[in-house]
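Order of the sequence lines sets the chain letters (A, B, ...), proteins ahead of strands, with each chain counted from 1.
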Protein chains: 2
Amino acid sequence: MLDDIARLRRFNRAVTREVGALDTSFLGRGRPLGAARVLQLVRPEGTDVAVIRDTLDLDSGLMSRFLRSLEREGLIATATDPGDRRRRIARLTEAGRQEMAAYDHIGRDRAARLVARAGSRSTEVLAAMDLIATLLNRDHLTVRPADPDSPEVQSCWQAYFDELLVRVPAARSGTFTLPEPGAPAYRPPQGRCLVAWSDDLPVGCVALRPLDTATAEVKRLWVHDSARGQGLARRLMQTIEDEARDMGLHLLKLDTNSALSEALALYRATGWHETAPYTGAPADVWLEKRL
Amino acid sequence: MLDDIARLRRFNRAVTREVGALDTSFLGRGRPLGAARVLQLVRPEGTDVAVIRDTLDLDSGLMSRFLRSLEREGLIATATDPGDRRRRIARLTEAGRQEMAAYDHIGRDRAARLVARAGSRSTEVLAAMDLIATLLNRDHLTVRPADPDSPEVQSCWQAYFDELLVRVPAARSGTFTLPEPGAPAYRPPQGRCLVAWSDDLPVGCVALRPLDTATAEVKRLWVHDSARGQGLARRLMQTIEDEARDMGLHLLKLDTNSALSEALALYRATGWHETAPYTGAPADVWLEKRL
DNA sequence: TGATTTGCCTGACATTAGTCCGATAAATGG
DNA sequence: CCATTTATCGGACTAATGTCAGGCAAATCA
């Protein structure tokens with residue numbers, strides 16, 4: 001049997017070849033790779049030059065020259081950051097947007113071919129890619145507030161409900177309704193809604209909804225399959241509890257189901273205690289935590 | 001929900017960053033990437049220079065300069081191929097072997113760290129990597145004869161048996177014994193043993209064992225989980241049947257179990273027909289094919 | 001306020017990668 | 001045998017990348 005290391009290195013070889021091919025295919029638009037990579041990171045609304053430099057790990061001189069060259073091509077425009085006038089902000093021009101669309105097309109094309117090649121196993125392959133990408137991105141996981149009506153939150157909640165239906169049979173008789181668009185329940189100032197991002201994939205969420213002036217309820221803690229086993233749920237709970245403290249709340253409650261054993265173990269391990277039932281089925285466990 | 005293409009591109013970004021770090025780690029030993037890549041392909045016993053040039057797709061001038069530079073460093077020695085004195089053969093010197101060991105150490109180190117980082121999910125992550133690597137390597141899958149006593153064949157057969165035990169409960173009462181080392185059953189001239197390779201991972205096997213002068217039995221058709229759904233089993237069967245024809249055989253037999261439905265479907269779709277039972281449990285289907 | 005730090009820019013320079021061409025020697029094919 | 005092809009080599013050249021130092025203006029800190 002090949003050992004783990006050998007398997008990983010085989011993966012590395014295969015992926016290196018693929019990435020190399022992707023890089024050279026970007027060269028097809030008559031622009032050196034360095035400049036192309038910078039262009040990829042300039043957003044239409046504008047991106048901080050230092051951020052680009054940092055993510056690509058470029059020398060400031062080299063970075064500057066890439067910017068000048070893209071500027072000469074008319075693809076980007078730079079302006080000084082009004083907040084800190086040493087810094088510069090680069091944004092895409094209309095021509096730049098068109099050029100980016102062309103790059104995007106190349107990328108989507110290659111990606112679509114690969115998905116097609118996976119044939120009947122494409123679902124499995126994509127899940128495998130999610131798992132690996134989340135692992136590689138692990139140090140870059142960020143938790144940010146989100147709008148409850150945004151597509152990312154909706155997709156997280158949908159995933160949460162779908163899983164609940166699988167794991168808690170009793171939930172099938174209930175009905176889940178997403179809050180009405182614009183409803184204030186999960187929005188500041190009374191509520192909160194957090195999403196954890198791995199690059200551009202939402203991999204977790206948690207929400208807070210007011211019960212009364214000093215009490216709120218934690219709802220919809222969910223972690224994407226690819227991100228489990230990395231302590232993300234704990235981090236989300238920690239963040240939402242900190243938020244609650246900052247909001248001046250004194251007591252948090254939540255309801256859950258005993259079938260969700262990992263979640264329950266997490267709650268019990270982080271200071272949550274049994275409390276009186278305050279909701280009905282499918283919940284069968286009610287917890288509270290004093291802040 | 002993010003669409004498939006977006007998920008794949010997130011994967012691409014994540015591994016591109018990782019691969020970039022790998023590239024610079026090669027530079028960590030004070031040698032440009034090009035020369036390092038050439039060095040990786042020089043085997044201690046000697047490698048044909050044209051083969052290296054071909055796999056890396058290098059210009060002959062560039063290749064020549066890499067060789068000179070590695071020679072100046074004392075890592076390789078080149079000699080003319082006695083068979084064709086236009087060609088050259090490069091082989092590692094003792095210093096080269098040590099240098100390669102150092103590169104190997106860097107690679108193993110990085111790999112081990114990543115496996116460790118996956119923590120409780122490392123098994124899953126490695127399976128995901130196998131799946132993706134096999135998909136990316138798909139066009140490079142090769143089927144080659146193998147020695148039945150070799151570790152790769154042993155590992156394939158072990159995997160075959162393990163899976164049989166899971167899928168055919170009746171098999172548990174039987175005992176599986178690997179043929180004795182050196183036994184002639186699966187070796188030419190009477191028998192055959194084939195292994196399918198994806199890079200350095202054995203992803204499939206099939207064997208042929210003589211029954212009498214005109215008849216042989218196909219045994220141990222197995223495909224690695226990561227390589228299923230790509231027609232590899234069909235290709236292995238095709239190859240072994242061609243071999244049997246070349247050996248002058250007129251009839252092939254095999255026994256299997258009805259629980260192995262995909263295999264059975266493949267046999268039935270490729271000209272195999274029911275025949276009289278010639279073995280006992282756990283087999284419950286017996287097929288033959290006239291060549 | 002003045003010294004120091006930070007972020008960006010430019011010029012000078014080195015290294016690496018990649019291409020093209022001609023030379024050479026060996027093999028191949030009539 | 002001679003013409004052609006093949007494999008390698010080295011020189012000339014270009015493009016791209018990477019490195020370093022100095023300059024400048026804005027921000028920060030004591």
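At a cut-off of 3.5 Å, with distance as the only test, no side-chain donor of B:R91 or B:T78 sits close to an acceptor on the other residue. One side chain, B:S64 or B:R68, offers a donor N or O that lies under 3.5 Å from an acceptor on the other. At a cut-off of 3.5 Å, with distance as the only test, no side-chain donor of A:T55 or B:R17 sits close to an acceptor on the other residue. Side-chain polar atoms of A:R13 and B:N137 form no donor-acceptor pair below 3.5 angstrom. Side-chain atoms of A:S122 and A:R117 include no donor-acceptor pair closer than 3.5 Å.
Protein chain B contacts DNA chain C over a range whose 5' and 3' limits, counting nucleotides with an atom under 4.0 angstrom from a non-hydrogen atom, are C:dT16 to C:dA27.
Considering every non-hydrogen atom in both A:A21 and A:T24, the closest pair reads O-OG1, 3.0 Å. Residues A:V42 and A:A90 approach most closely at CG1-O, 3.6 Å, considering heavy atoms.
Annotation: side chain of B:R144 is not in contact with side chain of B:V195 (no heavy-atom distance under 4.5 Å).
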Per-nucleotide protein contact along nucleotides 6-15 of chain D, 5' to 3', at a 4.0 Å heavy-atom cut-off (B base, S sugar-phosphate only, - neither), is BSBBBBB---
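Residue A:Y103 forms a side chain to side chain donor-acceptor pair (under 3.5 Å) with just one option from A:R108, A:R29, A:R31, and that option is A:R31.
Between A:R53 and A:D48, none of the side-chain N atoms (NZ, or NE/NH1/NH2) sits under 4.0 Å from a carboxylate O, so this pair counts as no salt bridge.
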Contacts under 3.5 Å, N or O only, protein and nucleotides 2-4 of chain D:
none

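Nearest-nucleotide assignment on DNA chain D puts the 5′-proximal partner with A:F66, out of A:F66 and A:P82.
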